[in-house]
Amino acid sequence: MEKIIKELIPQNANPKNFGNLITYEVSSSDILSVCKDLYFKHKLHLKTITAIDEGHNNYKILYVFGVPKENIFLIPYIKLSNTTEFPSLANDIHETSGYERKIQTFFGLLPQGHVNPRPIILHKNWPEDQFPLRKDFKWNDRPKEASNTYEFTKVEGEGIYEIPVGPVHAGIIEPGHFRFSVAGEEIVLLEPKLGYTHKGTEKLFETLPLEKKIKLSERVSGDSSFSHSLAFCQALESLADVNIPQKAKWLRVIFAELERLANHFGDIGFIMLDTGYSFGGLSGQRLREMIMQWNEMLTGSRFLRGVNTIGGVTKDILPDFKTKLLKDLEKIEIDFTEIMKIANSSSSLLNRLEDTGTLDPRIARDHGVIGVARRAIGVKTDARIDYSYAAYDKIQLEIATEETGDVNARFKVRIKEVYSSIKILVEALEKLVDDEELFSSQNTSLKKDAYAIGIVEGWRGDIVYFIATDRNGNITRVDVRDPSFLNWTVLGYTGKGNVVPDFPLINKSFNLSYSGNDL
Amino acid sequence: MITFFAWIIQIILVPVLSPLFVGIIRKIKARFQNRKGASIFQPYRDLRKLFGKDEVISKDASWIFKYMPFILFGTTLIVGLSLPMFTTFLKTNLTGDFLVVIYLLAFGTFFLALAGIDAGSAFGGFGSSREMTISALAEGGLIFSMLTLAIVAHSTNLNQIAISISSLPLRSFMPIILSFIGFFIALLAETGRFPFDNPATHLELTMIHEAMILEYSGKRLAVIEWAAANKQLIFLALGANLFFPWGIANSLSITAVFAGIIIFLIKLLILSVSIAVLESGMAKYRFFRLPDLLFTSFIISVIAIGIII
């Protein structure tokens, strides 16, 4: 910690510690060079950028950087008083673009020099002078509907044909609009328009009572209920200085891996189903269902809801369930291996997956793509190792990577992760002891005027929660960063140059959350 | 009297049986996917359900949209009664010519594609564009495979072809088998099956046949679904009875007709099973690989003709 402060933080700064967070103020004119230094020179991960309204026209903009392997977060911040302008970093660090637009949309702070400062998430029927995350905006305010129109990028030329798809789709998926400009069957431009599931989640986090906040975090993105609530609880725990019993740590690993397993089985199946390879598709659904039923048996919830709580977990795994689950996992692994053996011998399947939806590594890095998509271009990144939490520090974990960045690479990363998840599950189940408590019953009052970060590697990528408390120890701001927020930005690029009938397959290979993006 | 009944059977056989074979293929596919699957009679229930529903028609749709289902169904009905199915004595000289059959079906497809564009939705447009691409390319393989038979039989009448082929000695069957392969590829393309189209998909962007009929609902949708099932049965029957015309009743006795029907059903079943097996073991091809496959179908048929001449 000392070393990091010395190396990475400017001499004249006045750093403040909150557990594993270090915050320090930087002037608006210096923030660009400070962030460039951390991002390019020291290769830190940008985890989120968010703003806090401190009242009376005072705002803070915080730039959260993670130091991989050390599990330390550096947060340089700038203060804005009596101004709504802040310098945009997007021309130098492209990854910041989305965060700055989000701050502009929800706080009304203007990133100066941003090339594309259009609002995101909120639609054109939302009045442009209402900023929901400012403190003077009440959660139940209903502003008058505006009637501006959204301009899609227009491609002109002979034979260019526009296909509007969505927001309502066939099949049971979330709403989102995709505008294709095609020449024949080839995609020339693909522009996703999201925001249809905006629910005011971040505002609700400020108003709901604490117990309901955890429930809310479980509902940010339904298929990642456990990971989201785990990230939120971990942030709360570091704000409350609670020690988590060892058994709870292992149980968290088990539930988190069950969630990953269920979703990866589902995705592997759906990728095959979208090529029309129905045997593989339905086998994936069958395996997913087996895990979902285990989830229900262990916790009463197929999506592992109501399990996380501040200080631990609420559900235990009894010894006879443990042995049964171990046996079932062994069977599932054999089952899965057999299915993949059959699938891998189908040349028509492989032909569809290879070279489809290739993500250019340069574009991926510039947009800060994370999770499965990042590992599929050969970057070893995984929050379970970089920012170890729960009992992951006691586990040997091999990060699964692929090099090609196409649908096949993302498919194969998931297959490898299925095997490593099963391995982790077996190890964690064997480490479970009978007679420890499940959660700590320490006092859970939160520290005052403090910040905390919770980070969890969900099955899509890392989920980041940033929490700030006010001088009474109440939560005043919760920033939720679902991996989808970053990965949606590259979908258009991966679609370009492919044929229209391949788009559903490309989309499925990312399988991003609409709800987690729209919040 | 028997001729009268035989005609009745001949006319109703295609529309009555066609949903059953849709159901059978679905059932076999379900078993391959470790599922139980719906009953083989489910397509009949689906039709009954759709006939009992109201429909929504876009106010921008023209007469093409409104009448297309009936044109499509009508063409399959005419083609259905012109084929040799269980007998060869019901000669239909007017419509029994193989070129008439192919172009009657193409006429239906033409209207189907027009109706796809008619309602003005984006999906219908590219469904029609894809369908036209595929059927234009499939036509070559289809015509040349049947031309092989016509050359062997010295007739373009389907009943005459069936009679001639069934008396062919086994050693001269090589070109027939080759042209059957060409025909089978064209069959998969024309009936919207793998690897050309996925009849079970819900993904609008990948659809061909289904994209054209997305705007239809209720009764007209039922008519289209039924016509599509008819078309599939017609192609199965062509494959079974032109290329392997054994067991067709050549005389007008009750036993021969009865045996003809049974053998016909068995042959259809074998073809259905092979389609289901094929679909279960493979993924759909990329759109740009499809022309290669259809070209293969054409080449194989041409080779078959080359062998004969």
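Source: prediction; values computed, not measured. In what follows, chains carry the letters A, B, and so on, assigned in the order in which the sequence lines appear, proteins first and then strands, with residues in each chain numbered from 1.
Contacts between A:F503 and chain B at a heavy-atom distance below 4.5 Å involve the side chain alone, from C-beta outward. Contacts between B:F288 and chain A at a heavy-atom distance below 4.5 Å involve the side chain alone, from C-beta outward. For a residue to count as touching a neighbouring chain, one of its non-hydrogen atoms must lie under 4.5 Å from one of that chain's; by this rule A:S347 does not touch chain B.
No more than 12 heavy atoms of other residues, nucleotides or ligands lie within 6.0 Å of CD in A:E330, so this atom counts as exposed by the packing criterion. Heavy atoms from other residues, nucleotides or ligands lying under 6.0 Å from CG of B:D54 number 12 at most. Around the CZ atom of B:F180, the shell of radius 6.0 Å holds more than 12 heavy atoms that belong to other residues, nucleotides or ligands. In this structure, B:F111 places its CZ atom where more than 12 heavy-atom neighbours from other residues, nucleotides or ligands lie under 6.0 Å away. Atom CZ of B:F295 sits in a sparse spot, with 12 or fewer heavy atoms from other residues, nucleotides or ligands closer than 6.0 Å.
A:D274 pairs in a side chain to side chain contact (heavy atoms under 4.5 Å, CB included) with only one of the listed residues (B:N198, B:T201, B:L203), which is B:L203.
Per-residue heavy-atom pair counts under 4.5 Å with chain B were compared for A:I163, A:L273, A:N351, and the maximum is reached by A:N351. The greatest number of non-hydrogen atom pairs below 4.5 Å with chain A, out of B:M207, B:E279, B:R130, B:E204, is found for B:R130. The most heavy-atom pairs under 4.5 Å with chain B, out of A:L349, A:V499, A:L282, A:L505, come from A:L282.
Remark: B:M282 CE to A:S346 OG distance equals 7.0 Å, nearest 0.5 Å. Distance check, rounded to the nearest 0.5 Å: CD of A:E186 to CZ of B:F287 gives 13.0 Å. Interatomic distance, CD of A:E185 versus CZ of B:R286, reported as 13.5 Å (0.5 Å rounding). Here the CG atom belonging to B:L205 is positioned 9.5 Å from the CZ atom belonging to A:F178, to the nearest 0.5 angstrom.
Between A:S348 and B:Y285, the shortest heavy-atom contact is CB-CE1, 3.8 Å. The two atoms that bring A:Y161 and B:F126 nearest to each other are OH-N, 4.0 Å, heavy atoms only. The shortest non-hydrogen separation linking A:E162 to B:A122 is O-CB, 4.3 Å. In terms of heavy atoms, A:F279 sits closest to B:F32 at CD1-O, 3.6 Å.
A donor-acceptor pair under 3.5 Å is absent between the side-chain atoms of A:Y277 and the main chain of B:S280, judged by distance alone. Remark: side-chain polar atoms of A:R352 are paired, donor with acceptor, to backbone N or O of B:K284 under 3.5 angstrom.
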